[in-house]
Amino acid sequence: MVMEKLGDSLQGALKKLIGSGRIDERTVNEVVKDIQRALLQADVNVKLVMGMSQRIKERAMKEEPPAGMNPREHVIRIVYQELMEIIGKGAEIQLKPQTIMMVGLQGSGKTTSTAKLARYFQRKGLKAGVIAADTFRPGAYHQLKTLCEKLNVAFYGEEGNPDAIEITRNGLKVLDKYDIKIVDTAGRHALEAELIEEMEQINAVAKPDHRFMVLDAGIGQQASQQAHAFNDSVGITGVIITKLDGTAKGGGALSAVSETKAPIAFIGVGETPEDFEKFEADRFISRLLGMGDLKSLMEKAEESLSEEDVNVEALMQGRFTLKDMYKQLEAMNKMGPLKQIMSMLPMGMGGMGGMKLSDEMFQATSDKMKNYKFIMDSMTEQEMIDPKLIGGSRIKRISRGSGCSPEDVRELLKYHKTMQTALKGFRGGKFNIQKMMKKK
Ligand code: GDP
């Protein structure tokens, strides 16, 4: 298993939690100490670990478990959420025609990952081709060619031609009809001027949709410097972390990359083309914690939400008043950071069926919530049910009454409208909202 040692230690910590009679401060402290040790051994940055420990302790003692969740499950859920924070959400990979440029230092696993990535898209039904533009490392051309032949992936290369830019240009023409074009570029031992220049030139010619940086997990926390350096020179849209199967420092690499804000896109977990996974933080962490049923735990939280706080009936009939919205926001806030739980909520199914909801919708922090409450308290019952009634003069009145600015009032109304529109889309018959609510 990938990162077996970390997984074992984390699971050991949680077992203690599950086995303990009562969940009190002492138990939580003990469990947090074990988690700390596990993460530090996996090379996760001390500061990150300390911050996380503190938050787990505080949340475990202060936050009330959501309805239907016992205190043990509640603490496990907090650990899970905090690990998610450390590791980041992961890059969004779209299954559509695109050009991808691979960058990274020599030996990072770039060529291997190029073939693995082509294979990944091919399995999803997209035709993939690769371009061998690593003219620096002598074996790269043949290595990639052989891999592609094995995988039945189209290959373009010009053996003996040292001009990587020309090869890229020609390759893109030849592979024009392919959905996915992946350019394997040269690495060096370090990020030197020559390498940067070549990357920039290939970048200009290929105009890739993605620039994936390949990183060896074995470098642990140093991943952060490398990711920063590459990001500064060409702009990284995703990171592929390789060799997670063979290092104890995986936690360091994953968390360090996440901190740079370059999202993790894929992970390499072995030498064969199959040992490659799209990085999905929730699944990764569930596996690490050995909790196959973590999903159901999340679902449980979501169910308690839907029954108590969300008027599903009304939503399904398209009645989504400001009152409903307030209830929903309040419920979401109770559950923790919005971003983390948006996928559990009916209005949070971002990305499904093209109904992507904008980021700003999820930025309703508790501060905003307070404002929203004041604003809504200054509205009449009728206005809450039918916000269309609220025009310019009413906005002024509500603003004065609530002590919030007219912009705040407008923002609230806009927020409501966007959500209403989104919900209408879901009602369109194509989706079953209740079924979707069950979906994590
Ligand atoms: P490049 O110089 O960056 O193109 O590196 P290569 O693709 O040639 O990879 C260097 C070595 O790492 C090769 O022996 C690969 O088989 C190995 N490698 C790449 N990815 C992984 C991985 O995820 N796990 C393991 N165990 N080995 C890997």
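Indexing begins at 1, ligand by ligand and atom by atom, following the structure's order. Please read these numbers as outputs of a predicted model, since none were measured by experiment.
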Counting only pairs under 3.5 Å, give me each side-chain donor-acceptor contact of residues 228-239, with atom names and distances, residues two or more places apart or in other chains.
from: Asn231; atom 1: OD1; to: Ile236; atom 2: N; distance (Å): 2.7
from: Ser233; atom 1: OG; to: Ala229; atom 2: O; distance (Å): 3.4
from: Ser233; atom 1: OG; to: Phe230; atom 2: O; distance (Å): 3.1
from: Thr237; atom 1: OG1; to: His210; atom 2: ND1; distance (Å): 2.7
from: Thr237; atom 1: OG1; to: Arg211; atom 2: N; distance (Å): 2.9
from: Thr237; atom 1: OG1; to: Arg211; atom 2: O; distance (Å): 3.3

Separation of Gln11 CD from Asp34 CG (nearest 0.5 Å): 13.0 Å
Heavy-atom nearest neighbour in the protein, as seen from atom 15 (C) of ligand 1, with distance rounded to 0.1 Å: Thr112 OG1, 3.6 Å
Atom 14 (O) of ligand 1 - nearest protein heavy atom and its distance: Glu271 OE1, 4.0 Å
Atoms in ligand 1 with a heavy atom of Leu105 nearer than 4.0 Å: 3 (O)
Asn152 and Gln122: side chain donor to acceptor below 3.5 Å: no
Ligand 1 contacted by Gly270 (non-hydrogen, < 4.0 Å): yes
Proximal candidate to atom 8 (O) of ligand 1 [heavy atom criterion; set Gln143, Arg188, Lys116]: Gln143
Atom CD of Glu25: over 12 foreign heavy atoms under 6.0 Å: no
Shortest protein heavy-atom distance from atom 2 (O) of ligand 1, along with the residue and atom involved: Gly107 N, 2.7 Å
Within 6.0 Å of CD in Glu197, more than 12 heavy atoms from elsewhere: no
Which of the ligand 1 atoms, numbered from 1, are nearer than 4.0 Å to a heavy atom of Ser108: 3 (O)
Heavy-atom nearest option to atom 26 (N) of ligand 1, drawn from Asp275, Thr272, Asp245: Asp245
Protein heavy atom at shortest distance from atom 11 (C) of ligand 1: Lys243 NZ, 4.0 Å
For Gly268, the ligand 1 atoms whose distance to one of its heavy atoms is below 4.0 Å: 23 (O)
Between CD on residue Glu166 and CG on residue Asn161, distance to nearest 0.5 Å: 5.0 Å
Contacting atoms of ligand 1, where contact means under 4.0 angstrom from a heavy atom of Thr111: 1 (P), 4 (O), 7 (O)
Protein contact to atom 5 (O) of ligand 1 [nearest heavy atom, distance to 0.1 Å]: Gly109 N, 3.1 Å
Interatomic spacing from CD1 in Ile131 to CG in Leu144 - rounded to 0.5 Å: 10.5 Å
Ligand-residue contact atoms, ligand 1 with Val269, heavy atoms, under 4.0 Å: 23 (O)
Under 4.0 Å to a heavy atom of Lys110 - the qualifying atoms of ligand 1, by number: 1 (P), 3 (O), 4 (O), 5 (O), 7 (O)
Between Glu159 and His142, a side-chain donor and acceptor under 3.5 Å: yes
Aromatic plane relationship, Phe266 with Tyr120 - under 30° parallel, 30 to 60° tilted, over 60° perpendicular: perpendicular
